[in-house]
Amino acid sequence: MIGLYVHIPFCLRRCHYCDFVIAGAGSPAKREAFFTAFEKEAARASDLLQGVSFDTVYVGGGTPSVLSLEETSKLFDLLKKYFRWEAQAEVTYEANPGDADEEKAKAYRGLGVNRISLGAQSFNDPTLKRLNRTHDAAAIFSSYGIFRKAGFDNVSLDLMLALPGETLKEAERSVAQAVGLGPEHVSLYELTVEPSTVFGRRRREGTLGLPAEDAQAEMLSCARDRLKTGGFRHYELLSHAKPGFESRHNGIYWANEEYLGLGPGAFSHLKGKRFRYASSYAKYLDKANRNDWVPEEEETLEGERKEVESLLLALRLTEGASMERFR
């Protein structure tokens, strides 16, 4: 299998835990500059991958759902101009609660999206404010209903645990509400505090207020139990799915198979090499304008090094690693 990942860098504002490559949503002119650079990158990648048909497409970010209908249509027009994917490909689109109305949701369906990843993160309003999210819990319920009404039968929710100021009771309630909605997939993340983020600064200052380690472990254990009783299979370290709804795109990463990444900060894994052209939005625009496609970062994945990495990735999965394969 081979996957296509598209990184949309725009966000209305940066969450306090986020260290991804993003830029402010900005003006239509700013986004037009991105699309100009993106088409140049896509055209070059298309020349390198002639004849390839992707098994999965994943549009992530950033916040893809901040794009207007016209911009989203333009994105898919470019993708279809330069690439092909299988008729039964899994096509995922990330959305933040509150971004998509009924018109947008129907448009996503019409463009070929068949899986939505909804960034809920928490169902507790004070927690969402501490994360600097742009939505409240009510927007999660509303957006989920909009996507269901538009005909999406494969919806994944992102949830975070062990958040600043969060109690065990709040975490349990958040997971219960997620399960009660009835999604096909739940990605359950423990907070990772990156040094360059607002939370990283607060931790250095001693003001972050994370739950104690024992409480964090209990939150995770209770969440996993609740998902299991809700009919989810814990098939990967962070991922829980109803039978048949495991993420095919993420499965490519865990199997250490090939994928093409487009957009600022996106990595590719092709022909034995893992690389990215630009590690920031500004560098991405600059390099594209100069037609400079020399990778900013690159490493070779072959022989024993690739086997060791493949083994470690396989250990994320319930099925584990085949001893026969890694003899």
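Computed from a predicted model, the values in this text were never measured in an experiment.
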Contacts satisfying ring pair (Phe, Tyr, Trp, His ring centres under 6.0 Å) that involve residues 285-304 (not counting sequence neighbours) are Y277-W293
Restricting to pairs with a member in residues 59-81, which pass ring pair (Phe, Tyr, Trp, His ring centres under 6.0 Å), not counting sequence neighbours? none
Do side-chain atoms of [X] reach the backbone of [Y] as a donor and acceptor pair under 3.5 angstrom?
X: S68; Y: E71; result: yes
X: E194; Y: D19; result: no
X: H269; Y: G272; result: no
X: N114; Y: V91; result: yes
X: H185; Y: S117; result: no
X: S143; Y: A139; result: yes
X: T318; Y: Y235; result: yes
X: H135; Y: A137; result: no

Which ILVMFWY residues are connected to F20, directly or by a chain of links, through side-chain heavy atoms under 4.5 Å apart? I22
Salt bridge (Lys or Arg N to Asp or Glu O under 4.0 Å) for E39 and K81? Distances and angles first, verdict last. CA-CA 10 Å; E39 181 166 13; K81 176 180 178 180; 3.1 Å; yes
Establish, yes or no, whether a centroid distance under 6.0 Å links the rings of [X] and [Y].
X: F275; Y: F267; value: no
X: Y108; Y: Y93; value: yes
X: Y58; Y: H249; value: yes

Is it the case that one hydrophobic cluster holds both [X] and [Y], taking links as side-chain heavy atoms less than 4.5 Å apart, direct or via other members?
X: L181; Y: L227; result: yes
X: F83; Y: Y259; result: no
X: L285; Y: F38; result: yes
X: V6; Y: F35; result: yes
X: L131; Y: L157; result: no

For the residue pair [X] and [Y], establish whether any side-chain heavy-atom pair is separated by less than 4.5 Å.
X: L163; Y: T127; answer: yes
X: L4; Y: L262; answer: yes
X: Y189; Y: S239; answer: no
X: D158; Y: L118; answer: no
X: E103; Y: L69; answer: yes

Of all residues at least two apart in sequence or in a different chain, which pass the side-chain hydrogen bond (donor to acceptor under 3.5 Å, both in side chains) check with [X]?
X: K306; value: none
X: Y284; value: E41
X: D99; value: S65
X: R14; value: none

Non-hydrogen atoms of [X] and [Y] that approach each other most closely:
X: L67; Y: R31; answer: CD2-CD, 3.9 Å
X: S268; Y: G261; answer: OG-N, 2.8 Å
X: I140; Y: A120; answer: CD1-CB, 3.7 Å
X: I146; Y: A100; answer: CD1-O, 3.4 Å

Could you give the distance from [atom1] ([X]) to [atom2] ([Y]), rounded to the nearest 0.5 Å?
X: T197; Y: R203; atom1: OG1; atom2: CZ; result: 8.0 Å
X: E86; Y: I2; atom1: CD; atom2: CD1; result: 11.0 Å
X: E257; Y: L313; atom1: CD; atom2: CG; result: 11.0 Å
X: S310; Y: R305; atom1: OG; atom2: CZ; result: 12.0 Å

Residue pairs passing the salt bridge (Lys or Arg N to Asp or Glu O under 4.0 Å) test where at least one lies in residues 125-135, sequence neighbours excluded: none
With salt bridge (Lys or Arg N to Asp or Glu O under 4.0 Å) as the rule and sequence neighbours excluded, what pairs involving residues 108-121 come up? none
For the pair R276 and E299, evaluate salt bridge (Lys or Arg N to Asp or Glu O under 4.0 Å) and give the outcome as yes or no after the intermediate values. CA-CA 10 Å; R276 66 174 171 179; E299 58 180 333; over 6 Å; no
More than 12 non-hydrogen atoms from neighbouring residues, nucleotides or ligands closer than 6.0 Å to [atom1] on [X], yes or no?
X: K80; atom1: NZ; result: yes
X: K30; atom1: NZ; result: yes
X: K106; atom1: NZ; result: no
X: E205; atom1: CD; result: yes

Of all residues at least two apart in sequence or in a different chain, which pass the side-chain contact (heavy atoms from CB on, under 4.5 Å) check with L49? V52, F54, L260, L270
Hey, are E296 and K283 close enough for a salt bridge, meaning a charged N less than 4.0 Å from a carboxylate O? yes
Check ion pair R148-E184 (N to O, under 4.0 angstrom): yes
Pairs of donor and acceptor atoms involving the side chains of residues 207-224, under 3.5 Å and at least two apart or interchain, shall be tabulated with distances.
| unit_1 | atom_1 | unit_2 | atom_2 | d |
| --- | --- | --- | --- | --- |
| T207 | OG1 | R202 | O | 3.4 |
| Q216 | NE2 | P211 | O | 2.8 |

Worked verdict on T36 versus E32 for side-chain contact (heavy atoms from CB on, under 4.5 Å): CA-CA 6 Å; T36 299; E32 185 62 31; 4.2 Å; yes
Given the rule in the side-chain contact (heavy atoms from CB on, under 4.5 Å) test, do L75 and L79 qualify, once you have shown the distances and angles that lead to the verdict? CA-CA 6 Å; L75 173 67; L79 292 177; 4.3 Å; yes
Counting only pairs under 3.5 Å, give me each side-chain donor-acceptor contact of residues 170-180, with atom names and distances, residues two or more places apart or in other chains.
| unit_1 | atom_1 | unit_2 | atom_2 | d |
| --- | --- | --- | --- | --- |
| E170 | OE1 | T167 | N | 3.0 |
| S174 | OG | F123 | N | 2.9 |

Verify side-chain contact (heavy atoms from CB on, under 4.5 Å) between L301 and E309, making sure each step is shown before the conclusion. CA-CA 9 Å; L301 295 173; E309 187 172 285; 3.9 Å; yes
Criterion side-chain contact (heavy atoms from CB on, under 4.5 Å) on E94 and V59, from CA distance to verdict: CA-CA 6 Å; E94 284 188 351; V59 182; over 6 Å; no
Using ring pair (Phe, Tyr, Trp, His ring centres under 6.0 Å) as the criterion, point out the one residue from F147, F245, Y144 that pairs with F152. F147
